[in-house]
Amino acid sequence: MRLQDPQKPKARITLVHLYPREMSIYGDLGNTHVLATRLRRHGYGVDLVDHHPGQKLPAGAHLVVGGGGQDSGQARVEADLEDNGPLLAALARDGVPMLMICGMYQLFGHDFTTVDGRRLPGLGILDVTTRGNTKRMVGPVALQTPFGDVVGYENHSGSTVLGPDQEPFGQVVAGFGNNGDDGTEGAVKGHVYGTYLHGPALPANPAFADALIKAAVDRVVSRGFEPEELDDTFADQARKRQVARLTAVRRRGLRERLLRR
Ligand code: GLN
């Protein structure tokens, strides 16, 4: 059951979901549900706008989410991204929080070159570049981030490299992350987050979800974000279990490698 707006909302937040048809795989729609539901549980009203290619993006967006997609889905949103790119960049500069997963993370960078050499230009909001590979990076992920441990699931062929001053979203504890080499995962600039984490990302990581919500509400209401106490027992259990399992697997792998020497 979808939660209704509270009777007397503390404020109204416009949540924009970019390209829910073309770019929302591996359950990424769950991020939109988590943000809308947590906002309502914290006492805020939500106006949810699905943004489709060819439409005009609402200039009053307070929170923007985008998901992953096949390379073909990314190509289908290119023209719209070019049209709405300047507004998205202006919103990002203005401090509007955004969460971009996988394919949309790549398109928030400078560009994504597919495995067959096709270059899809990105918005350059994040200082990252991505190249497709024949080998995919697939599996569960655990990260250390400013919001504590964050868990999810990755599935991408694109290998992403951060620019010299680009902050990652987190450090890889288990999984491939941006490229399987440098231990970084995702990217963050201001309140714009790009990450490879599907899962979807937010249900098991409520501290991260609330950080996005806080950044959105703080811009809209002068009193700032006034959270309610939410029961995150199940989310916390799920996350801790995933971190413990992945850490144990990693330790076992290291021990086996040492014994083989
Ligand atoms: N097409 C991109 C890649 O494989 C994005 C995949 C995704 O969004 N899961 O790198």
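Counting begins at 1 with the first residue of the sequence. Read the numbers this way: they start at 1 and go in the same order the structure lists the ligands and their atoms. Excluded from the calculations below are hydrogen atoms, water molecules and symmetry mates; all remaining heavy atoms, backbone and side chain alike, are included.
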- The residue among T130, D182, N178 that forms side-chain hydrogen bond (donor to acceptor under 3.5 Å, both in side chains) with T160 is T130
- Please assess K214 against D218 for the test salt bridge (charged side-chain N to carboxylate O under 4.0 Å, His left out), listing each intermediate value before the final yes or no. CA-CA 6 Å; K214 179 178 173 0; D218 282 352; 2.5 Å; yes
- In order of chain and number, which residues sit within 4.0 Å of ligand 1 by heavy atom? I25, Y26, G68, G69, Q70, D71, Q74, C102, G103, Q106, R136, N155, H156, S157, G158, H198
- Over 12 foreign heavy atoms within 6.0 Å of CD, Q144: no
- Message: What verdict does the salt bridge (charged side-chain N to carboxylate O under 4.0 Å, His left out) test give for D127 and K189, after you've listed the backbone C-alpha separation in whole Å, the side-chain angles of each residue and the deciding distance to 0.1 Å?
- Response: CA-CA 9 Å; D127 184 11; K189 194 165 262 178; 5.1 Å; no
- May I ask you to say whether E154 pairs ionically with R136, meaning some side-chain N is under 4.0 Å from a carboxylate O? no
- Message: If I take atom CG from residue L126 and atom CD from residue E167, how far apart are they, to the nearest 0.5 angstrom?
- Response: 12.0 Å
